[in-house]
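Contents: one structure, followed by commentary.
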Amino acid sequence: MKLIGLTGGIASGKSTVSRLLQEHEIPIIDADKIARQVVEPGRSANKLIRKHFGDDVFLPDGNIDRPKLGQVIFGDPAKRKVLNQCTHPAVRKEMLKQAFLYWIKGADVVVLDVPLLFESGMDKLVGTTVVVYCSEVLQLQRLMKRDGINEDAAAQRIRSQMALNDKVSKADVVIDNSSDISQLQAQVKNLIQRIRPSTLTWMLEYVGPPAIIAGLAVVAKLYLPRALLYLGDVIAKKRAGLA
């Protein structure tokens, strides 16, 4: 099974690319979705966040007050690092678990949608890294429009992440989301052709355990009885020779 790492910057269009891949029946493991799950009340990451950031960033029902926590971490790299240390191990564990389940099912390719792919070191776990890019000016405009925030707040959020140009320099594949949706769709189709192994390659290199087990079962059914009979004959002849 081929693992692909998909990343980008805030408001660069990564989520749109992820959705387009899903429309082509490419399995997606969404780090953001998992990150929301691992901090639910009662989970270990939730307890760690309370320990490090206090009750002020929590709602009465035990869920995290995301706007308050965002205000704390966006302008403070040290606190952002602490938050990542609280959540990343749990997120990584769940992502690998889901990837393993896709492997068991015989998937030929799976995409890990991870905003902090390079920052968290998860790029080392995938075979191909894909970055969704747009200019910083366009990124700023999109973020302001999407979240209804002013330019200073948008710029602060963008600066809290690794610069898109730095991600591009590390990427195996770059998708330029500076144009319209039709151009983006064309690039996604080209990406799928590049990352999806041929049927022969999948059978030789990425075949899942079900196929292996089924193959072994067929071989055992066909040849094991014959092997046992042959072995029995050999033993019988040896015994007859000793008699």
Item to check | Nearest-0.5 Å distance, CD1 of residue Ile195 to CD1 of residue Ile26 | outcome: 5.5 Å

Item to check | Glu151 CD to Leu143 CG distance, which is reported to the nearest 0.5 Å | outcome: 11.0 Å

Next on the checklist: Side chains of Val109 and Met1, heavy atoms from C-beta outward: is any pair under 4.5 Å?
Outcome noted: no

Checklist entry - Any sub-3.5 Å donor-acceptor pair from Gln156's side-chain atoms to Phe74's backbone N or O? => result no

Item to check | Atom pair CG/CD of Asp32 and Gln37 - distance to nearest 0.5 Å | outcome: 11.0 Å

Item to check | Non-hydrogen side-chain atoms of Leu69 and Asp65 separated by less than 4.5 Å | outcome: no

Checklist entry - Within a strict 4.5 Å, meaning less than it, do heavy atoms of the Met122 and Met95 side chains meet? => result yes

Checklist entry - Take atom CD in Glu25; do more than 12 heavy atoms of anything else shown fall under 6.0 Å from it? => result no

Checklist outcome for this item: Minimal heavy-atom distance between Met144 and Ala154, with the atoms involved, is CG-CB, 3.6 Å

Item to check | Asp172 versus Thr129, side-chain donor and acceptor atoms under 3.5 Å | outcome: yes

Next on the checklist: Give me the atom names and distance for the closest heavy-atom approach of Leu3 to Ala99.
Outcome noted: CD2-CB, 4.2 Å

Checklist entry - Do Lys97 and Phe100 meet the cation-pi criteria used here (NZ or CZ under 6.0 Å from the six-membered ring centre, within 45° of the axis)? => result no

Item to check | Ile4 side, atom CD1; Arg196 side, atom CZ - distance, nearest 0.5 Å | outcome: 11.0 Å

Item to check | Heavy-atom neighbours of Gln85 CD exceed 12 at 6.0 Å | outcome: yes

Checklist entry - Of all heavy-atom pairs between Tyr133 and Asn165, which one has the smallest distance, and what is that distance? => result CE1-OD1, 3.5 Å

Checklist entry - Under 4.5 Å between side-chain heavy atoms, hopping through other hydrophobics if needed: is there a path connecting Leu125 to Val110? => result yes

Next on the checklist: On the six-membered ring of Phe58, is Arg50 placed so that its NZ or CZ lies under 6.0 angstrom from the centre and within 45° of the ring axis?
Outcome noted: yes

Checklist entry - Passes side-chain contact (heavy atoms from CB on, under 4.5 Å), Gln185 versus Val188? Steps please. => result CA-CA 5 Å; Gln185 289 171 331; Val188 169; 5.7 Å; no

Checklist entry - Transitively linked via ILVMFWY side-chain contacts under 4.5 Å: Val126 with Trp103? => result yes

Next on the checklist: I'd like to know if Leu112 and Leu101 are part of one continuous hydrophobic network [Ile/Leu/Val/Met/Phe/Trp/Tyr, side-chain heavy atoms within less than 4.5 Å].
Outcome noted: no

Next on the checklist: Rounded to the nearest 0.5 Å, what separates atom OG in Ser120 from atom CZ in Arg92?
Outcome noted: 5.5 Å

Checklist entry - Looking only at heavy atoms, what is the nearest atom pair of Lys14 and Gly8, with distance? => result CD-N, 3.8 Å

Checklist entry - Between the side chains of Gln98 and Glu94, does any donor sit under 3.5 Å from an acceptor? => result yes

Item to check | Cys134 backbone acceptor or donor facing Asn177 side chain under 3.5 Å | outcome: no

Checklist entry - Hey, does the side chain of Thr7 reach the backbone of Val131 with a donor-acceptor pair shorter than 3.5 angstrom? => result no

Next on the checklist: With salt bridge (charged side-chain N to carboxylate O under 4.0 Å, His left out) as the test, pick out the partner of Glu119 among Lys167, Lys81, Arg80.
Outcome noted: Lys167

Checklist entry - How about Leu116 and His88: do any of their side-chain heavy atoms sit closer than 4.5 Å? => result yes

Checklist entry - Does a donor on one side chain sit under 3.5 Å from an acceptor on the other, for Asn150 and Asp152? => result no

Checklist entry - Does Gln22 CD have over 12 foreign heavy atoms under 6.0 Å away? => result yes

Next on the checklist: If I take atom CG from residue Leu83 and atom CD1 from residue Ile73, how far apart are they, to the nearest 0.5 angstrom?
Outcome noted: 5.0 Å

Checklist entry - Salt bridge between Asp108 and Lys2, side-chain N to carboxylate O under 4.0 Å? => result no

Next on the checklist: Could you walk me through whether Leu191 and Leu21 satisfy the side-chain contact (heavy atoms from CB on, under 4.5 Å) test, starting with their C-alpha distance in whole Å, then the side-chain angles of each, then the deciding distance to 0.1 Å, before giving a yes or no?
Outcome noted: CA-CA 9 Å; Leu191 173 65; Leu21 287 169; 4.3 Å; yes

Checklist outcome for this item: Gln187 and Val174 have their tightest heavy-atom pair at OE1-O, 4.3 Å

Item to check | Single-linkage hydrophobic cluster Leu138~Val132, side-chain heavy atoms < 4.5 angstrom | outcome: no

Checklist entry - Quick one: does Val39's side chain get under 4.5 Å of Arg66's, heavy atoms only? => result yes

Next on the checklist: Please say yes or no: joined through hydrophobic side-chain contacts below 4.5 Å, possibly via intermediate residues, are Val38 and Leu48 part of one cluster?
Outcome noted: no

Checklist entry - Is there a side-chain contact (heavy atoms from CB on, under 4.5 Å) between Leu164 and Ser12 once you walk through the steps? => result CA-CA 9 Å; Leu164 263 178; Ser12 70; 4.0 Å; yes

Checklist entry - What closest approach, in Å, do Gly42 and Lys47 show between heavy atoms, and which atom pair accounts for it? => result O-CE, 3.6 Å

Checklist entry - Does the side chain of Asp113 come under 3.5 Å of the side chain of Ser18 through a donor N or O and an acceptor N or O? => result yes

Next on the checklist: I want to check something: taking the side chain as every heavy atom from C-beta on, are Ile64 and Phe53 in contact at a cut-off of under 4.5 Å?
Outcome noted: no

Item to check | Verdict with supporting geometry, Arg157 and Ile149, side-chain contact (heavy atoms from CB on, under 4.5 Å) | outcome: CA-CA 11 Å; Arg157 294 189 182 185; Ile149 56 179; 4.2 Å; yes

Checklist entry - Are any non-hydrogen side-chain atoms of Ile158 and Leu140 less than 4.5 angstrom apart? => result yes

Checklist entry - Are Thr16 and Ile181 side-chain neighbours, meaning at least one heavy-atom pair lies under 4.5 Å? => result yes

